Amino acid sequence: MTGRTGTGPDSRPRTGQGTGPVEEQVLRIVAEHTLYDLGTLSLDADLEGELGIDSIVLETVLGSVQDHFGLAERPTGEFTTLRPLIDAVREAVGDSPPAGTGADTGTAAPHPPEAEGDALLEAVVEAAMRHTHYARHQLDPDADLESELGVDSVVLTSLTGEVADAFGLPDSVTGEVTATTLRKLAAELDALRAVHGTADGTGAGTWDPRSMKDFLEERDPDLFAKARSFAAYRRKREEDRLYWYGMPMRARSTNKAVVFDELEGREREFLHFASNNYLGLANHPEVVEAVCEATRSYGATHTGSRIIGGTNQLHKELERRLAAFKKRPACAVFPGGYSANLGVISGLVKSYDALVVDRLNHMSIVDGCKLSGGTRKIFRHNDMEDLERVLRRCAEPGSGVLGRLVVVDGVFSMHGDICDLPGIVRLAEEYGARVLVDDAHATGVLGATGSGTAEHFGLKGRVDLELGTMSKALAGMGGFVVGDEEVIDYLRFYANSYVFAANIPAGVAAGLIASLDVLEREPERLERLWSNIRLLRELLREAGFDLERSDSAILPLVVGDERRAMEFGRAVRRRGLFCQTVVFPGVPLGDARLRVSVTSEHTPEDLREAAGIFVEAGRETGVLHPGAGE
């Protein structure tokens, strides 16, 4: 997430504008790109063999050095260690090694403490540098963590855990902080030092109050210690019938599901509301037969990437069909929707660019942002005023930002609401940003033909990139992105998760083409899906459930408290209905819920029975008041 100190060649800092000796400035740039502490960067350590800095990382470092010092060209030479690189920069800027610096000893001089002299704040800032890739001068202690620094709850947990460990605080404090700035985080940790002893993590009574968040930052010399702790925690949850993740199905996924209950050692049939098979295409005879026939003709897989030996005519045809379906010029297919976000975002965005993201975006977008190295700016969920504030600041001279990409889910996967795409497009056009919409849960659901969010809002052609997964409504596997031909062609060579990953099998591609055939030929599937959505949504709202602003096939039953949500999910399963119980990290702490997925295969009787089950389970667990739903 490293930023730059200018927005173009004319705004690059001139020689000598950096703080500290040239050596220290270069070492800080290296540290920002590698996550090494300054004190561990030996000037004579081999870049590849000892520091793990390969040619790609080195090129990024050299580009940052050029920008930071305002050099006309990148430093050149045989840089096998840091010392010749520093010497080359000194020569370029007309500097000489100051006496008594780290240049004499072969290690970096430590950075002086902050003027405030606050050791805890200093530790917080240092940890934030390691976890965000920001340079020190970019970390204003009073900047908002989410909207200005792009620090989400997962990153905050990690850096808090690091500081807590350094100051002898128990791991449990990571779940207690509510700070919105680095300075407030330091103050909270300082206050917690006065009240915390050693935490046993077990809580009162038989209920273990920890969540999955507590196992992100359990520090131990043995990397597997956290795994053992989590295993004991998970076993207790399973014994209480609260964790039910990963249970295997033993039949097709339809409106009903036959699941092998591993806790009870027997098969059980459930009303199934945990499937993303929104249009029922996964079970369509034409789709199944297309998969089988292509597999017989082409074999199980190609064992190759798209560029080297992994493309056949079905992959080309699938990309043509997806582009036509999305009404865009070109398409590239990836091995998965997750890898599509990783590859597209990191392939386009670099350390001098900014990613402007909704705080509720899917984790694949979050990880794509991290991989890109771009500065991440988070705006409040669907808040166009906050988005405009972020875009305005990114466009200001001296912001350190060149390009800007707004990335947003079309349908938010744990909330079911739709992004404010008209507002996003308007602001992006006003501030010169590009827009990427992830239509994972919108493809096949939104729009008159199921094309997605842009069609839903009548914005085809004004959204730069539309990305999606084919494992949901399209009933296959893989991900894809559509856009202008030159951009898609660029990504074929610069999106690593496309270039260096094996392609989807031909049988899968054939099944997806068949799914598109059925979808286009049978529009009544989409009509039936929306009829089902409206019926179940009405029944659940009338019963008193909080569905937030859901306007898709995803209906969240918001509970809030994690324990109550788990108990609610257990009560629902006991009555013969299977849906997802979502806790951290699927949603933030305090926002636990059941996630109900509606498909075109549910019957009106299924929906009414499901509503009755949710009401009974809700009354039993206190999610609804005793008279709700009557």
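Everything numeric in this text was worked out from a predicted model, so none of it was measured. One is the number of the first residue; the rest follow in order along the sequence.
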Trainee: Return the set of residues passing side chain to side chain donor-acceptor pair (under 3.5 Å) with Arg541 (not counting sequence neighbours), or none when no residue passes.
Mentor: none
Trainee: Listed by chain and number, what are the side chain to side chain donor-acceptor pair (under 3.5 Å) partners of Arg462, not counting sequence neighbours?
Mentor: Glu429
Trainee: Mind checking ring pair (Phe, Tyr, Trp, His ring centres under 6.0 Å) for Phe493 and listing every partner two or more places apart, or none if nothing turns up?
Mentor: none
Trainee: Using the test ring pair (Phe, Tyr, Trp, His ring centres under 6.0 Å), find all partners of Phe379 that sit at least two apart in sequence or belong to another chain.
Mentor: none
Trainee: May I have the list of side-chain donor-acceptor pairs in residues 416-428 shorter than 3.5 Å, sequence neighbours left out?
Mentor:
residue	atom	partner	partner atom	Å
Asp417	OD2	His381	NE2	2.6
Asp420	OD1	Gly423	N	3.2

Trainee: Can you list the residues that meet the side chain to side chain donor-acceptor pair (under 3.5 Å) rule with Asp517, with sequence neighbours excluded?
Mentor: Arg321
Trainee: Just checking, any donor-acceptor pair under 3.5 angstrom between side chains of Lys370 and Ser346?
Mentor: no
Trainee: Would Asp438 and His362 count as having a side-chain donor-acceptor pair, cut-off 3.5 Å?
Mentor: no
Trainee: What pairs with Arg234 under salt bridge (charged side-chain N to carboxylate O under 4.0 Å, His left out), at least two apart in sequence or on another chain?
Mentor: Glu238
Trainee: Side chains of Thr449 and Glu520: any donor to acceptor distance under 3.5 Å?
Mentor: no
Trainee: Is any side-chain N of the basic residue among Glu319 and Arg492 closer than 4.0 Å to the acidic one's carboxylate O?
Mentor: yes
Trainee: Please tell me whether Phe273 and His602 form a close aromatic pair, meaning their ring centres lie under 6.0 Å apart.
Mentor: yes
Trainee: According to ring pair (Phe, Tyr, Trp, His ring centres under 6.0 Å), who are the partners of Phe260, at least two apart in sequence or on a separate chain?
Mentor: none
Trainee: Under a 3.5 Å threshold, yes or no: a donor from one side chain and an acceptor from the other, between Arg306 and Thr311?
Mentor: yes
Trainee: Under the criterion salt bridge (charged side-chain N to carboxylate O under 4.0 Å, His left out), I'd like the reasoning laid out for Arg608 against Glu605: C-alpha separation, chi angles, the key distance, then a yes or no.
Mentor: CA-CA 5 Å; Arg608 292 189 175 89; Glu605 292 73 26; 5.2 Å; no
Trainee: Can you list the residues that meet the salt bridge (charged side-chain N to carboxylate O under 4.0 Å, His left out) rule with Glu385, with sequence neighbours excluded?
Mentor: none
Trainee: Between Asn496 and Tyr498, do the side chains contain an N or O donor and an N or O acceptor separated by less than 3.5 Å?
Mentor: no
Trainee: Side-chain donor-acceptor pair under 3.5 Å between Ser147 and Arg389, yes or no?
Mentor: yes
Trainee: Does atom CD (Glu485) have a neighbourhood of more than 12 heavy atoms from anything else shown, all under 6.0 Å?
Mentor: no
Trainee: Using a 3.5 Å cut-off and no angle test, enumerate the donor-acceptor pairs between side-chain atoms of residues 585-597 and protein atoms at least two apart in sequence or in another chain.
Mentor:
residue	atom	partner	partner atom	Å
Asp591	OD1	Arg593	NH2	2.8
Asp591	OD2	Arg593	NH2	2.9
Arg593	NE	Asp591	O	3.1
Arg593	NH1	Met414	O	2.9
Arg593	NH1	His415	ND1	3.3
Arg593	NH1	Glu548	OE1	2.8
Arg593	NH2	Glu548	OE2	3.1
Arg595	NE	Ser413	O	2.6
Arg595	NH1	Gln580	OE1	3.1
Arg595	NH1	Ser597	OG	3.1
Arg595	NH2	Ser413	O	3.3

Trainee: Measure the shortest side-chain to side-chain distance between Tyr233 and Phe215 over non-hydrogen atoms and say whether it is less than 4.5 angstrom.
Mentor: yes
Trainee: When you check the side-chain N and O atoms of Asp606 and Thr603, is any donor under 3.5 Å from an acceptor?
Mentor: yes
Trainee: Who are the ring pair (Phe, Tyr, Trp, His ring centres under 6.0 Å) partners of Tyr243, not counting sequence neighbours?
Mentor: Tyr245
Trainee: Check side chain to side chain donor-acceptor pair (under 3.5 Å) between Arg537 and all other residues, then give those that pass, not counting sequence neighbours.
Mentor: Asp551
